[in-house]
Number of protein chains: 2
Amino acid sequence: MTLAEENYLKTIFHLERKLKSEVSTNALAERMQTRASSVTDMMQKLADKKMLVYKKYKGVQLTEKGKKAAAYVVRKHRLWEVFLVDKLNFHWDEVHEIAEQMEHINSVELIKRLDAFLGHPDFDPHGDPIPDKDGNIKKAEKRLLSELIKNQIGICVGVKESSPEYLQYLDKKKISIGTKINVLGKEFFDGSMMIQAGRDQFFVSKQIAENLYVQTN
Amino acid sequence: MTLAEENYLKTIFHLERKLKSEVSTNALAERMQTRASSVTDMMQKLADKKMLVYKKYKGVQLTEKGKKAAAYVVRKHRLWEVFLVDKLNFHWDEVHEIAEQMEHINSVELIKRLDAFLGHPDFDPHGDPIPDKDGNIKKAEKRLLSELIKNQIGICVGVKESSPEYLQYLDKKKISIGTKINVLGKEFFDGSMMIQAGRDQFFVSKQIAENLYVQTN
DNA sequence: ACTAATGTTTAGCTTTGCCTAAAATTATAA
DNA sequence: TTATAATTTTAGGCAAAGCTAAACATTAGT
């Protein structure tokens, strides 16, 4: 498995879950910042390797083999993210690019030990689930703050969109990964909420609430 | 800097220190498990990038720029080895291949934090010095094998007395300049040691150990 | 249903890093 | 010193993974 192949598989894996259908050439090209023709080339190659089913003009679908390979790349990526945040004290929004490189390191024993070293985590610092060695994914328990109802409690596990402005806002309100958020009240007509975040109580607009992932339980 | 370029620089760096002269095309080809013609190609490319000075038929020599780049790759390699042994409990002879991959991960901040996480180590698990961020390497001092304690590692750099019998003994045990020696155990009352020299493990008397210089660190 | 717009594939080219075979240079040895 | 051996370079190719331009399929609009 080359680096490029791993990246394609990973991206198809993500797109399949998002779109819940075959993945089109253009969708892939956009996500991978490449051209449709390059995608076609790679699809043919991955189809030859039985990683996916490719039908001309009809998009692709991962086989079991492909799914497993892709999930393993995702597993490695997310474990490294946990390492970077928990052990090297990176902030959770700085780790993606580095993990993007580390996910391609090839050693089963390394990942086994890393997993143990980190205490067999189930979720990465963004709240996304870490697939197990066999590619099974625990159902994500994260949802948007805006989905919560009065008196529900969530723990902040990530953001949906991370503009500097938004992150700065969260910073000012002292909301970060792990912050407990309690929904004190909710306005139906505009979706705004009164919340308690840590020690402080304040209002957040729908827009704010729609971009914050929390883990309920 | 591509992966291949980094590997060439690193290898030239090591060979320059070993041979104390320019590095020949064939020497490089052998070390890199490739063909002389491939080496020539890459030498021309690295010369264009001012990483080394290349004169046809005369071998190559790293420039300051090339030396610095190479030392940084070595730094990363050795820091990861420390990580693998100290944190993930790998044995020191299992880590090379993995570190060979990890050394190419590209993030200054990552290495800064890794270094701190490991307690700013000066030497890797094999006893080799870790270059600092500017490419400087701590000079290692030689001492007698008999001065080492359990689990210390030394590289054979010479003998104190060189009787034919002694040299023959070393020869039989396949100990020569550059042989890595790991002290597995030491008897207090007679100063004898159980050592690993290269692949073999055996006992050496105090007398033997008192006549062999090793470089620790 | 047919044409236009959109999406996808094919053909052919580029770069990187490797290869083999042949030519050129340097080293060695009689 | 000169021939032979060894080393190094050059020339010409190959596979991976990308690209552009052109051809081909599908979808959508009227």
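Convention: sequence-line order gives letters A, B, ...; per-chain numbering from 1. As the structure is a prediction and not an experimental result, all values here were calculated from the model.
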Picking from [options], which would you name as closest to the side chain of [X]?
X: A/K56; options: C/dT10, D/dG18, C/dC18; result: C/dT10
X: A/S37; options: D/dT20, D/dG18, D/dT9; result: D/dT20
X: A/T40; options: C/dT25, C/dT10, D/dA16; result: C/dT10
X: A/T25; options: D/dT8, D/dG18, C/dT9; result: C/dT9

Check the phosphate of [N] against [X], side-chain N and O only, distance under 4.0 Å to OP1 or OP2. Yes or no?
X: B/Y8; N: C/dC18; answer: yes
X: A/Y54; N: C/dT9; answer: yes
X: B/S38; N: C/dC18; answer: no
X: B/N26; N: D/dT8; answer: yes
X: A/R35; N: D/dG18; answer: no

Without decimals, in angstroms, what is the distance between [X] [atom1] and [N] [atom2]?
X: A/M42; N: D/dA15; atom1: CE; atom2: C1'; value: 12 Å
X: B/M43; N: D/dT9; atom1: CE; atom2: P; value: 10 Å
X: A/N7; N: D/dG18; atom1: CG; atom2: C1'; value: 14 Å
X: B/D41; N: D/dG12; atom1: CG; atom2: C1'; value: 12 Å
X: B/Q44; N: C/dC18; atom1: CD; atom2: C1'; value: 14 Å
X: A/K55; N: C/dT9; atom1: NZ; atom2: P; value: 13 Å
X: B/Y57; N: C/dA23; atom1: OH; atom2: C1'; value: 8 Å
X: A/E22; N: C/dT8; atom1: CD; atom2: P; value: 12 Å

- Task: Examine distances only and state if a side-chain atom of B/T63 and a backbone atom of B/K50 form a donor-acceptor pair shorter than 3.5 Å.
- Result: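 Answer holds: yes.
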- Query: Ignoring hydrogens and geometry, is there a side-chain-to-backbone donor-acceptor pair from B/R75 to B/P131 under 3.5 Å?
  - Reply: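 Yes, B/R75 side chain to B/P131 backbone: donor-acceptor pair under 3.5 Å.
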- Task: For A/A36, answer base if it contacts any base atom (sugar-phosphate contacts may also be present), sugar-phosphate if it contacts only those atoms, and nothing otherwise; contact means non-hydrogen atoms under 4.0 Å.
- Result: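 Base contact - A/A36 has a heavy atom under 4.0 Å of at least one base atom.
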- Which residue lies toward the 5' end of DNA chain D, A/K58 or A/L3, if each is placed at its nearest nucleotide?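 The residue mapped nearer the 5' terminus is A/L3.
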- Task: Indicate the ring-plane relationship of A/H77 and A/H96, choosing parallel, tilted or perpendicular according to the 30° and 60° boundaries.
- Result: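 Judged by the thresholds at 30° and 60°, the geometry between A/H77 and A/H96 is tilted.
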- Specify whether B/F117 and B/F83 have parallel, tilted or perpendicular ring planes, treating 30° as the upper limit for parallel and 60° as the lower limit for perpendicular.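 Answer is tilted, since the angle falls between 30° and 60°.
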- Item | Minimum-distance pair of heavy atoms, taken over all atoms of A/I208 and A/Y166 |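 Looks like O-OH, 2.9 Å.
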- Query: With no angle test and no hydrogens, is the base of C/dT8 tied to the side chain of A/S24 by a donor-acceptor pair under 3.5 Å?
  - Reply: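 Not at all, since no donor on one side and acceptor on the other fall under 3.5 Å apart.
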